[in-house]
Amino acid sequence: MSRADHLPAKLYARARGGVVQHEGFLEDALAAALELPGVWAELRRSHPAWSVLPSSNPQAVVTQVVAGEGRADIHLSWSGGERLIIELKPWAPPSAEQLERYVKGHPGASVSAIARWSVPYAIAGVLPMTTWGELRALTWPEAPPVWRQLHHLIDAVGAAMPNLDPGALAALVPAWDAFDRVTDWMGPAASAVQRRLVKAGAAWVLKEDGRREKLQRAHRRLGRFIWPAPFIENENFGLFVGLFAGNASRALRVSDVPDLRFMVNLNHESARASALWHDGPFQDAVHRWELRDDAVLREASSKWWFLLDAREPLDAILGDADHAESFKRWMLARTEELIEDGILARLVAVKP
């Protein structure tokens with residue numbers, strides 16, 4: 001039975017896992033499409049760099065193939081011995097080191113990638129990559145339903161780099177300078193919050209990402225994290241200090257205005273989350289925090305990765321003379337709330 005027959009069930013099984021597997025969804029849909037007659041030929045025709053491979057349908061489409069120290073997402077093979085390994089990334093392209101490992105792990109195979117944007121790889125055996133946007137634009141009269149479904153999935157994931165419209169183009173230059181300015185706010189504010197936490201008895205550390213915090217495109221946020229040491233990978237427990245640009249599941253407070261965001265981040269399925277929500281003093285402290293009456297939206301959740309989330313539109317600080325200082329003061333005010341309402345003490349005391 002073909003992958004297309006199993007596709008809805010496979011996607012449902014991934015969805016039940018609780019963590020959004022962006023890459024996995026795309027892998028399932030693309031692999032199912034590549035099994036169907038004519039899909040590979042159209043993909044090859046639209047991407048001339050792959051014309052070194054046969055135009056006929058692949059003899060086999062396999063996913064999650066062990067390649068050296070990793071697993072390649074999609075492996076195509078033909079009866080003449082030709083092979084293509086495709087690494088998929090919903091956002092940034094894979095590293096050159098990852099593709100080089102695949103070349104070494106599968107001697108004689110060609111290697112390529114699909115991601116949100118493309119980069120060149122000067123590695124023997126690695127073919128130029130393509131993008132989800134190019135796949136999204138690829139149509140033909142006899143395209144099967146699974147290919148059209150892939151288009152909608154690419155849109156839903158947001159994996160295609162959107163084209164600029166005139167309004168976005170006009171805003172590009174001022175936004176360039178604005179991004180630099182708000183990025184410079186992050187380090188001083190996070191450092192001030194971290195020092196206040198330590199003074200209050202939470203020996204947490206600032207996650208070091210270099211001088212400039214990377215924009216987390218998948219979560220549409222820009223900021224810094226402060227963690228309790230040692231960091232536990234499956235918990236992702238800590239504080240986020242920064243800005244939020246809104247996403248499909250959580251709207252901005254004011255349309256097109258980023259939110260100031262102060263968040264206690266925690267895997268809601270972790271033992272620590274369960275212990276906290278079963279702790280009476282923690283529940284009481286959260287209730288006091290939620291009842292604060294001002295312009296800040298405060299939300300608590302046992303079903304999302306934000307344990308506690310405080311947000312206010314960024315324009316709340318634009319009238320101040322020093323925006324960087326106002327940003328820091330806003331974050332410190334949210335920190336004081338955790339201390340005053342007894343939340344921080346429970347975050348420190350309650351163990352999984």
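- Legend: ring pair (Phe, Tyr, Trp, His ring centres under 6.0 Å) pairs involving residues 313-352, not counting sequence neighbours, sorted by first then second residue: W185-F327.
- No donor-acceptor pair under 3.5 Å is formed between the side chain of W289 and the backbone N or O of E340.
- At a threshold of 4.5 Å between side-chain heavy atoms, the hydrophobic network of Ile, Leu, Val, Met, Phe, Trp and Tyr places F225 and I232 in two separate groups.
- Note on V241 and F179: same hydrophobic cluster, where clusters join Ile, Leu, Val, Met, Phe, Trp and Tyr whose side-chain heavy atoms are under 4.5 Å apart, directly or indirectly.
- To the nearest 0.5 Å, the span separating CG on D294 from CD on E312 amounts to 7.0 Å.
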> side chain to side chain contact (heavy atoms under 4.5 Å, CB included) between R83 and S77: does it pass, once the steps are laid out?
Replying inline: CA-CA 4 Å; R83 292 170 294 153; S77 58; 4.0 Å; yes
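- Y102 places no side-chain N or O within 3.5 Å of a backbone atom of E97 that could act as its donor or acceptor partner.
- Residue W304 qualifies as open at atom CH2: its count of foreign heavy atoms under 6.0 Å is 12 or below.
- Across P93 and A115, no two heavy atoms sit closer than the pair CA-CB, 3.6 Å.
- L307 CG to L266 CG: the interatomic distance, rounded to the nearest 0.5 Å, is 5.5 Å.
- Judged by distance alone, with hydrogens and angles left aside, the side-chain atoms of R253 form no donor-acceptor pair with the main-chain N or O of P313 at under 3.5 Å.
- Looking only at distances, a side-chain donor or acceptor of R116 sits under 3.5 Å from a matching main-chain atom of G158.
- For R250 and F306, the positive end sits near the middle of the six-membered ring, less than 6.0 Å away and at most 45° from its axis.
- Relative to the ring axis of F240, R221 places its NZ or CZ within 45° and under 6.0 Å from the centre.
- Listed for the H151 side chain is a donor-acceptor partner under 3.5 Å among the backbone atoms of L135.
- Nearest heavy atom pair, residue I74 against residue A31, reads CD1-N, 4.0 Å.
- Atom CG of D256 is surrounded by 12 or fewer heavy atoms from other residues, nucleotides or ligands within 6.0 Å.
- Summarising the geometry of E235 relative to S270, their closest heavy-atom pair is CG-CB, 4.1 Å, with the distance given to 0.1 Å.
- Looking only at distances, no side-chain donor or acceptor of W117 sits under 3.5 Å from a matching main-chain atom of M161.
- A side chain to side chain contact (heavy atoms under 4.5 Å, CB included) with E35 is found for one member of V61, V146, N57 and no other, namely V61.
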### Query
Can D28 and R3 be said to form a salt bridge (charged side-chain N to carboxylate O under 4.0 Å, His left out), step by step?
CA-CA 8 Å; D28 291 338; R3 291 178 187 274; 5.8 Å; no
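- In summary, the aromatic rings of W277 and F282 are positioned with their centroids under 6.0 Å apart.
- Ring geometry for H75 versus H106: interplanar angle of 30 to 60°, hence tilted.
- Linking Ile, Leu, Val, Met, Phe, Trp and Tyr whenever their side-chain heavy atoms come within less than 4.5 Å leaves L252 and L222 in two separate clusters.
- Here the side chain of N267 pairs a donor or acceptor atom with the backbone of E269 at under 3.5 angstrom.
- Annotation: the span from T130 atom OG1 to L43 atom CG amounts to 7.0 Å, rounded to 0.5 Å.
- Taking CD1 of I114 as the reference point, atom NZ of K89 lies at 13.0 Å (rounded to 0.5 Å).
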- Task: Run the numbers on R311 and D309 for salt bridge (charged side-chain N to carboxylate O under 4.0 Å, His left out), then give the verdict.
- Result: CA-CA 7 Å; R311 293 187 292 135; D309 198 17; 3.7 Å; yes
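- How far NE2 of H278 is from CG of L276: 11.0 Å, rounded to the nearest 0.5 Å.
- When atom types are taken as modelled, the side chain of N265 and the backbone of N236 share a donor-acceptor pair closer than 3.5 angstrom.
- Not a single donor-acceptor pair under 3.5 Å links the side chain of S55 to the backbone N or O of A41.
- Taking CG of L297 as the reference point, atom CG of L260 lies at 12.5 Å (rounded to 0.5 Å).
- Closest non-hydrogen pair, I154 versus A160, comes out as CG2-CB, 3.7 Å.
- No continuous path of hydrophobic side-chain contacts links V198 to F237 [ILVMFWY only; heavy atoms under 4.5 Å].
- Neither V257 nor F244 shares a network with the other; the hydrophobic side chains, linked directly or stepwise wherever heavy atoms of I, L, V, M, F, W or Y lie under 4.5 Å apart, form separate groups for each.
- Residue pairs meeting the side-chain hydrogen bond (donor to acceptor under 3.5 Å, both in side chains) criterion with at least one member in residues 187-200, sequence neighbours excluded: R196-E336.
- Within 6.0 Å of the NZ atom in K351, the count of heavy atoms belonging to other residues, nucleotides or ligands exceeds 12.
- Residue L150 comes nearest to A29 through the heavy atom pair CD1-CB, 3.8 Å, listed as atom of the first residue, atom of the second, then distance.
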